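Scroll down for the structure; my scribbles are underneath it.
Just so it is clear, the structure is predicted and the values come from calculations on it, not from any experiment. Residues: numbered from 1 along the sequence shown.
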Amino acid sequence: MILKMILVALLSYCLGSINGAYYITKWKTNMDIRELGSGNAGARNAGRQLGKKGFFYTLIIDIVKVIAALYMTALIFPKDEIMLQVSAFFLLIGHIWPVQLGFKGGKGVVVFLASTLYLVPLAIVVLGISMGFFYLLIRNFTIAGLLSMVSIPVTAYFLGAPQYAIGLLILLIIVIVLHIIRK
C-alpha cells in the first residue's frame, strides 16, 4: 500500500509540476512568467501578459494535468478515495513547488478547482453561486474568489462527498496561505 501511495504521489507531483503559465509564456515570448507582471506563474498573470489566449491555454494545461492524473489514479485504484486525495494533494504541491522551476510555481487555484471538479462536481456549482454573491457584495474578484472557495469543503461534506471534505479543506488552506504570503 505504501509503495502504491508513493507511486501515485510521484506521478501526481510530476504532472502537477507542468506549469501552464510558465511554458505558454516561455513558448510565446521566450520570457519567464515569474519575472513578469505579478510574478506569479498562474493563469491570471498569463492572461495579463499574453491576453485571453494566454489565460485560456494556461487554464487548459492546468486543468488537463489534474483531470489526467486523477483519472489515471482512479483507473489504477478504483473506488480508492484515499489515493485520489493523495493525487490531488501532490498535484497541488507539484504546481506550487515544481522542482524544474526551482520550487517556484503558481498559487494552485486552478489545480484546487480542477481537483474539486473531478472529485465533487456539485461543489463547483455552489462555488459559482457563492462567487456571484460575494462579488456583488464586495466588488473584489480575488477576495470574492477566496471566500467562495470556502464553500467547496462545506459542500463536499453536506452534499454527497463527505469523504473528500478534509482533503479539500487542506488544499484550500494551502491555496489561501499562499495568497496571503505571495502577494
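- Of the inter-residue distances, the one linking L172 atom CG with L92 atom CG reads 10.5 Å to the nearest 0.5 angstrom.
- Heavy-atom neighbours of F77 CZ from other residues, nucleotides or ligands within 6.0 Å: above the threshold of 12.
- A donor-acceptor pair shorter than 3.5 Å can be found between the side chains of S12 and S87.
- In this structure, OH on Y22 lies 5.5 Å from CG on L101, to the nearest 0.5 angstrom.
- Residues M131 and F141 have side chains in contact (heavy-atom distance under 4.5 Å, counting atoms from C-beta outward).
- Looking only at distances, no side-chain donor or acceptor of Q49 sits under 3.5 Å from a matching main-chain atom of I33.
- In this structure, Y13 contributes its side chain and W97 its backbone to a donor-acceptor pair below 3.5 Å.
- In this view, V154 and F158 satisfy the side-chain contact (heavy atoms from CB on, under 4.5 Å) rule, not counting sequence neighbours.
- The shortest heavy-atom contact between G105 and N40 is O-OD1, 3.9 Å.
- By the 4.5 Å heavy-atom criterion applied to side chains, S130 and L147 are not counted as neighbours.
- The neighbour count for I166 CD1, taken as heavy atoms of other residues, nucleotides or ligands under 6.0 Å away, does not exceed 12.
- For T142 against N140, the heavy-atom pair with the smallest separation is N-OD1, 3.1 Å.
- Across V175 and G108, no two heavy atoms sit closer than the pair CG2-O, 3.8 Å.
- Considering CG of L146 and NE2 of H179, their distance stands at 5.0 Å, rounded to 0.5 Å.
- Checked by atom type and distance alone, the side chain of Q85 pairs as donor or acceptor with a backbone atom of Q163 at under 3.5 Å.
- Under the 4.5 Å side-chain heavy-atom criterion for Ile, Leu, Val, Met, Phe, Trp and Tyr, L113 and V125 are members of distinct hydrophobic clusters.
- Between L169 atom CG and I176 atom CD1 the span is 8.5 Å, to the nearest 0.5 Å.
- Residue I82 is grouped with residue Y118 when hydrophobic side chains (ILVMFWY) are merged at heavy-atom distances under 4.5 angstrom, including chains of intermediate members.
- Of the possible donor and acceptor atoms, one in the side chain of N19 sits under 3.5 Å from a partner among the backbone N and O of A41.
- Summarising the geometry, atom CD1 belonging to I124 is positioned 12.0 Å from atom CD1 belonging to I129; distances are rounded to the nearest 0.5 Å.
- Here the shortest heavy-atom pairing between G37 and N45 reads CA-OD1, 3.6 Å.
- With hydrogens and angles disregarded, a donor-acceptor distance shorter than 3.5 Å links the side chain of K65 to the backbone of I18.
- For K4, the NZ atom sits in a loose shell: 12 or fewer heavy atoms of surrounding residues, nucleotides or ligands are nearer than 6.0 Å.
- Under a hydrophobic-cluster definition in which Ile, Leu, Val, Met, Phe, Trp and Tyr are linked whenever side-chain heavy atoms come within less than 4.5 Å, directly or via other members, F55 and L36 are assigned to different clusters.
- Under the 3.5 Å distance criterion, with hydrogens and angles disregarded, no donor-acceptor pair is assigned to the side chains of S38 and R44.
- A heavy-atom distance below 4.5 Å is found between the side chains of T29 and L50.
- Within 6.0 Å of atom OH in Y157, 12 or fewer heavy atoms from other residues, nucleotides or ligands are found, so the atom counts as exposed in its surroundings.
- The same ILVMFWY cluster, assembled from side-chain heavy atoms under 4.5 Å apart, contains both I180 and M149.
- Counting heavy atoms of neighbouring residues, nucleotides and ligands inside a 6.0 Å radius, atom CG of L75 exceeds 12 of them.
- Across I138 and A144, no two heavy atoms sit closer than the pair CD1-N, 3.7 Å.
- Rounded to the nearest 0.5 Å, atoms CG (D62) and NE2 (H95) are 5.0 Å apart.
- Listed here is the closest heavy atom pair of T58 and A46: OG1-CB, 3.4 Å.
- There is no path of hydrophobic side-chain contacts, each under 4.5 Å, that joins L84 to L159.
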